[in-house]
Amino acid sequence: MAENEGDHEADLDAFLDKFRGPERYERAFSPETWEQEFEKIPMFMKKAPSEIDPEQNPDLACLQSIIFDEEQTLEEQAKTYKNEGNDYFKEKDYKKAVISYTEGLNKKCSDQELNVVLHTNRAAAQFYLGNYRSALSDVIAARKLKSNHLKAVVRGALCHLELQHFSEAMMWCEEGLRIDPKEKKLLETRAKADRLKRTKERDLRKARLQEKKEQAQKDSLFKAIEDRNIKLSPVSSKDGNVISASLAEMSLDGFNSESAIGAKVCLDENGSLSWPVLFLYPEHGQSDLISAFHEESRFIEHLMVMFEELPPWDTERKYYPSQLELYYEDEEREEIYQICTQSTLLQALQHQRYFVKAGTPIFFILVKLAPFSKNYFGGKKVHWLK
Amino acid sequence: MDEQQAQELLAFLHPETRLDLKGHATQYVMGLTGGPEGRQLLATRPDFVEALLALTGDASGAVAKDAYRAVINLASEPGAHQALKKGLPTLLQRVLDPGYPLADQACAVLSNLSREEASCRDLLVALQQEAGGLAAVVDAFCTEGFNAKASLHYLGPLLSNLSQLPQARGFLLDRSRCVVQRLLPYTQSSGSSLRRGGVVGTLRNCCFDYGHHKWLLSDQVDLLPFLLLPLAGPEEFPEDEMERLPLDLQYLPPEKQREPDPDIRKMLLETVLLLTATKPGRQLVRERGAYFILRELHKWEADPGVLAACEKLILVLIGEEPGPGMENLLEVEVPAEVEEQLQRLDREEEERQQAASGSDDRQAV
C-alpha cells in the first residue's frame, strides 16, 4: 500500500483515493473488515452460526427457509432434521444433534421407520452426552415402534450398563441376542455386565456381613453395660425433648460421631470395659481426658500419674494426688456425691445415682479444704464420704 | 385283552367320542400304563399310542391330562419310542408355546423320551426342523415366567439328556454365541432340583471334552464358581483364603446353604474333577481355592457317595503332578488289568453304598 511521504506525491494519492473511501462500488468489502464480511457469505463460512439471525445473516436465513420449506411434507421436514442431526453427530456436536433430532420428532410425521431412526439417533447423542436416562427413554420409544431394532437394543443395554443396572443390561443383551445371536457388542456387554453384577453382589455381601459384625459387637457392649447395672443417662435431643431411656444407648454412638476425640467405651476380649473418662478441675477451668480408663483401675492410680508433676496451671502448687477429692454430680436432682479416690471406675459407675452421659463418665476434682469448694457447691446438697 | 376288545376300546379313544365315554376309556388306558405289563402291551400297539397322542390335544382338559399321564408313562418304555416319535413336532411346539397350559406335561414326555439315545437324536432333529432348535429350548429355560401356567422344570433334564449328543454340545459350547453362560446361574437357583440337576448334568456332559476346558475356565465363561457355589456353606474363611476364592464365593452370608440333593452335589464334584483332567485345569482349580470349599464340604458331608467323590477330587488337587506323558488324565492309557481291577473296586464300593443307603431309584441321565 502506498504511503504518504511528501507533497510531491499528493497527486498520486488523490488518484489512489478514488479507489478507497466513498467511491467504492456498492456492497464491496471494506479493507478493514473484509475477512469477517467474507465469512458471512454462506459459501465461504468456516463455521455456521449457532443461531441464525435474519438481520445479521440474511443470506443464511434465506437458504434455511429453502431447506426447511413450510410447504414441504412433515416427512420431508423430519428427514431434513435427521440429516442435520447426523451432520452434527459426525462433528461430535451432540447437543445440537439432540436439538435437531428433537425438531424432527416434533414434526410427528407418519413415517415410523424415520421416527425409529430419530429416536435411536437421539438416544446415541444423549448417550455420548452422558444423559443415560434420556437415552434409555428414547431407546424404549424406538423399540415401541420397532421391537426388533437391534441398534436400539444394543444402545439400551449400554445405557443400563452405564446406569449400573447390571441385571437389566444382561436382559437387554439377551433380548438382542435373540435377534442376532452372534452380535459381538452384545456378547461383550453381557459378559461385562455379568462380571460387574457379581462384583457388586460380592461387595454387598461384604458390607452386610460387616454391618452384622458391628451390630453384634454393639449388642455385646450394651449387654456388658446392662449386666454391670451401669445406667446411661437419657439425652436431650436438639428440640429440647427428652429422648426415652431406651434410646439412651444411642448416646454412646452420638458421642463417638460428634466428638473430635473419638474415644468410645469398648469391650476387650477378656470381657472388661474401658471408658473414656473426663476429669474437670472447676477451680481452674481445666480438664483432662483419659481415653481408655479400665473399669478395674482405681482413680488414685490415674491421679498419681497425672499429678506426678504439678500441672502448669496449678500456680498455688496444691494439686498433690493425696490432696485431691473426687466428686460427681447427679444432674437430675442437682446433688453432689463424693467418691473415694481408692475406688475403681466400675464401683463409681455402679453408684446408685450415677448416670453416664453421652458415653463419657465425668468427674470433677477439687483440693481438700480449698475455699473454692464451698462456693462451688453453692446450695447443692453434698453426699460426703463417711 | 383280545383283539376285538382292543378295537372296541380304541374306537372310544377318539377326540370325537362322547365326552363321558372318552373320559372313561382314557382313564382306563392310563391305568394300564401304570404297570410294566400294560406299558409293554401298549408299546406294541402304535394305533393306541397314536390315539393317546391325539387325545393330549383334546378339548376337555381332564381327558388331555389323563392322556398325557398315559403318554408320560409310555415314554419311559423304550419300546414305545418309535411310535411316540410321530408326536415329537407337536409336543415340541407345545412346550415352546408360552400360552400352552399343559406345557409341563408335554415337557415331561420329552424329558422321558430323551433318556434313550436314539429317541434323543430324533428329538434333536425334530427340534431343529420344527421348533427353532436348541436355542429356543435354552431361551424358554432361561426366561423367567416364559409360560405363566407351566414351570417348565422338566426342560432341565431334557437339556441334560440332549447334551449327551455331540451336536447339542456343539451348540451349547459355541464360542460365538452366549449359550452355556446363560445356564450357569441355574446351578444355584433355589426353586427346583429338576432345574439345578438338569443344568449340572448338562455342564458335566459339556466337560467331558477337555478341548473346551480352557475356554470354560476362562473369564469368558467362568464356569468354576458356579460349580463350587452350591458346594459352599456358611463357613467363614480367613482373609488369606477368602482372597483366593472366586468373587461369587466371597463373604457368603451365615444363612448360605449347600445344594440339598446329594446326587447333584456328586455331579458337581464330578464336573470339577473333569476340569482337573489337564495340567492347566488343575492349576487353575487349585489357584481359585477350590480346596478350601472342598475341605469344609468334607467336614459337613454325610452322604458316602458324595464323600468319596469329594475325596477323589481333593486327592487330585493336593496330590503330586503326574509324570510326563500322563498329564492329561482323560487321555492316559490304562492297562487292561489295572482297568479291570479299578472297575472291580468301583463295583464293590457301589455295592457298599447301596447297602448303606438303600436302593438308588434315580435313573441315570
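In what follows, every heavy atom counts, from backbone to side chain, and hydrogens, waters and symmetry copies are set aside. Here is the naming used below: chain letters follow the sequence lines, and residue numbers restart at 1 for every chain. Note that the structure is predicted; figures quoted are calculated from it, not measured.
- Using bins of under 30°, 30° to 60° and over 60° for the plane-to-plane angle, the ring pair B:F237/B:F292 lands in the tilted bin.
- At most 12 heavy atoms of other shown residues, nucleotides or ligands fall within 6.0 angstrom of atom CD in B:Q167.
- Only the backbone of B:L249 comes within less than 4.5 Å of a heavy atom in chain A; its side chain stays farther off.
- A salt bridge is absent between A:D219 and A:K223; no separation between the charged side-chain nitrogens and carboxylate oxygens falls under 4.0 Å.
- Checked for salt-bridge contact, B:K299 and B:E235 miss the test: no charged N lies under 4.0 Å from a carboxylate O.
- Using a cutoff of 4.0 Å between basic side-chain nitrogens and carboxylate oxygens, B:E270 and B:R204 are scored as salt-bridged.
- Contacts between residues 174-185 of chain A and chain B, counted as heavy-atom pairs separated by less than 4.5 Å, involve A:E174, A:L177, A:R178, A:P181, A:K182.
- In this structure, A:K151 places its NZ atom where only 12 or fewer heavy-atom neighbours from other residues, nucleotides or ligands lie under 6.0 Å away.
- Using a cut-off of 4.0 Å between Lys/Arg side-chain N and Asp/Glu carboxylate O, B:R258 and B:E301 are scored as not salt-bridged.
- At a 4.5 Å heavy-atom cutoff, the contact between A:R190 and chain B is made by side-chain atoms alone.
- In this structure, B:R175 places its CZ atom where more than 12 heavy-atom neighbours from other residues, nucleotides or ligands lie under 6.0 Å away.
- Using a 4.0 Å cut-off between charged nitrogen and carboxylate oxygen, A:K213 and B:E236 count as a salt-bridge pair.
- One finds a salt bridge joining A:K212 and B:E255 here, because a Lys/Arg side-chain nitrogen approaches an Asp/Glu carboxylate oxygen to under 4.0 Å.
- For B:D139, the part lying under 4.5 angstrom from a heavy atom of chain A is the side chain only.
- A:H165 and A:H160 have tilted rings, their planes meeting at an angle from 30° to 60° on a 0 to 90° scale.
- Contacts between residues 220-228 of chain B and chain A, defined by a heavy-atom separation under 4.5 Å, are made by B:D222, B:P225, B:F226.
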